[in-house]
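Here is the structure we will look at, set down as structure tokens.
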Amino acid sequence: MKILVIGKEGRLQKNADPAVYARHSFSYVPNNSPDDVILAAGRDAEIIIVDAMGSVSAAVIEEMPNLKMIHSEGVGYQGVDVDAARKKQVYVCNCKGMNATAVAEQAVFLMLSLLRGSVTGDRAVREGRQIEVKENHMLAGDLKELADCTIGYVGFGDIAQATARMADVFGAKNVYYCPSGAKKGIETADYLPLDELLAISDIVSLHLPVTPETANTANSAFFAKMKDGAYLVNTARGELVDSEALLSAIRSGKLAGAGLDCVADEPVRADNAILQAEKEVEDKLIFSPHVGGITASSFKRGYKMLWDNIARIEAGERPEHIVNQW
């Protein structure tokens, strides 16, 4: 089969059985290439593999007569026109659950880092101010354990559920809101309407996909409903958060801080507004470079899902993890 890869060349081959890889013909284009470049490279391809942050437009789908499947290299697929693919009965698949454990660990890491003031603490030790900072925390009594917290999950898919299981071990109380309503068989968290969740949660953790409906979910109105002194954690997508509204909420003291594995307008550059905050606000922000889901183990799981689905298409079978059912 001919396979068009939209993304970084080399990742697919590195994570494939060489004998299986050799059976197929591959062409590559960089992420976010124009439609004409994509079509010039792979108009006759039967499969598109696309970076989780990449895109496949309706125009590309319409112009590829042999196309059978579009497969995300990860969990995200918001750049793929799933409606256009459904109309042509082209499967859109993702690597559902591949990074749930990895991102859950990142979410808990950010929660603990916020609660223990890891950014300012690290700096204080490097500057020789360890005793000063330690004594200030002892006097204020302001360092919390995760067991002292109610964690509210906005969205409750694989990653949020994995995070709740980890937080449960720490002794945290878990509550969740899901746009589709309460889920069956959940033992580690209780369902609450969104406003109630925001009002009682010491930490709010975002776990939604980005859609026109969910973009800027965490906006000024959202923050106003949160518990005073709460923290925000985002390991999902940067576009879920209105960065200016977040800065205002921290600046006013409404929020105590935020841990962000992702920021709107990736790739994040030095002139991004959220990086221009004054020191008092900057010290309450913890960033990581959207690495929550890219552990070696998550890649191993994800590429196995991808290659298994390629084999199913090759055999004329229906793939798994379809996100545009018809």
Side-chain angles (χ1 to χ4, degrees), residues 101-152 163 166-173 201-206 218 223 226-236 238 240-298:
T101 298
V103 180
E105 287 185 358
Q106 189 77 10
V108 172
F109 161 75
L110 290 171
M111 292 174 191
L112 293 171
S113 296
L114 289 166
L115 293 174
R116 299 302 177 95
S118 66
V119 170
T120 53
D122 177 89
R123 186 186 308 128
V125 174
R126 294 175 189 276
E127 294 173 354
R129 297 185 296 107
Q130 179 240 333
I131 295 300
E132 171 195 340
V133 171
K134 180 178 179 179
E135 289 182 345
N136 286 342
H137 282 309
M138 292 174 69
L139 184 63
D142 57 353
L143 296 181
K144 281 186 173 182
E145 298 176 16
L146 208 57
D148 298 326
C149 297
T150 296
I151 303 172
T163 309
M166 291 182 188
D168 187 59
V169 175
F170 282 87
K173 176 180 171 62
S201 296
D202 300 287
I203 301 169
V204 173
S205 189
L206 300 179
F223 296 132
M226 284 178 64
K227 182 178 180 179
D228 291 349
Y231 295 97
L232 180 78
V233 169
N234 186 13
T235 53
L240 295 174
V241 179
D242 181 330
S243 295
E244 290 292 348
L246 174 61
L247 292 175
S248 294
I250 296 173
R251 192 174 287 126
S252 71
K254 176 65 180 178
L255 297 189
L260 307 172
D261 189 43
C262 42
V263 172
D265 302 321
E266 289 191 13
V268 182
R269 305 193 186 281
D271 61 353
N272 191 296
I274 203 166
L275 302 182
Q276 307 306 311
E278 61 275 23
K279 188 175 185 303
E280 291 76 11
V281 175
E282 178 188 6
D283 284 348
K284 296 175 181 178
L285 293 167
I286 297 175
F287 298 103
S288 52
H290 211 162
V291 295
I294 61 170
T295 63
S297 292
S298 69

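Residues S298 and T295 share a closest heavy-atom pair of OG-O, 2.9 Å. Closest approach of A273 and E244 over heavy atoms only: CB-OE2, 3.4 Å. Closest of all the heavy-atom pairs between G293 and A102 is CA-CB, 4.1 Å. Here the closest non-hydrogen pair linking A104 and M166 is CB-CE, 3.7 Å. Listed here is the closest heavy atom pair of A107 and T163: CB-CG2, 3.9 Å. When every heavy atom of G259 is checked against every heavy atom of L114, the shortest pair comes out as N-CD1, 3.5 Å.
Side-chain atoms of D261 come within 3.5 Å of backbone N or O of V291 as a donor-acceptor pair. The backbone N or O of E145 lies less than 3.5 Å from a partner atom in the side chain of D148, making a donor-acceptor pair. Not one N or O on the side chain of D228 forms a donor-acceptor pair closer than 3.5 Å with the backbone of G253. Between the side chain of K284 and the backbone N or O of L255 there is no donor-acceptor pair closer than 3.5 Å.
Here the CG-NE2 distance, from L143 to H137, works out to 4.5 Å after rounding to the nearest 0.5 Å. With values rounded to the nearest 0.5 angstrom, R116 atom CZ is found 9.0 Å from L146 atom CG. The CZ atom of F223 lies 9.0 Å from the CG atom of L247; values are rounded to the nearest 0.5 Å. A distance of 9.0 Å separates OG of S243 from CG of L275, quoted to the nearest 0.5 Å. Note that the CZ atom of F287 and the CG atom of N234 stand 11.5 Å from one another [nearest 0.5 Å]. Distance check: M111 CE to I286 CD1 gives 12.0 Å after rounding to the nearest 0.5 Å.
Here E278 pairs with R251, E280, V281 under the side chain to side chain contact (heavy atoms under 4.5 Å, CB included) rule; sequence neighbours left out. For R126, the side chain to side chain contact (heavy atoms under 4.5 Å, CB included) partners are D122, not counting sequence neighbours.
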Next on the checklist: The test is side chain to side chain contact (heavy atoms under 4.5 Å, CB included); show your working for R123 and D283 and say whether it passes.
Outcome noted: CA-CA 10 Å; R123 186 186 308 128; D283 284 348; 3.0 Å; yes
Checklist entry - When you look at V241 and I274, which way does the side chain to side chain contact (heavy atoms under 4.5 Å, CB included) test go after all the steps? => result CA-CA 11 Å; V241 179; I274 203 166; over 6 Å; no
Next on the checklist: One pair to check against side chain to side chain contact (heavy atoms under 4.5 Å, CB included): V133 and T120. What are the steps and the verdict?
Outcome noted: CA-CA 9 Å; V133 171; T120 53; 5.8 Å; no
Checklist entry - Can you check side chain to side chain contact (heavy atoms under 4.5 Å, CB included) on L246 and L260, steps first, answer last? => result CA-CA 11 Å; L246 174 61; L260 307 172; 4.0 Å; yes
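The only option from V204, L285, L110 that meets the side chain to side chain contact (heavy atoms under 4.5 Å, CB included) definition with L232 turns out to be V204.
Residues S297 and T101 are not in side-chain contact: their nearest non-hydrogen atoms beyond the backbone lie 4.5 Å or more apart.
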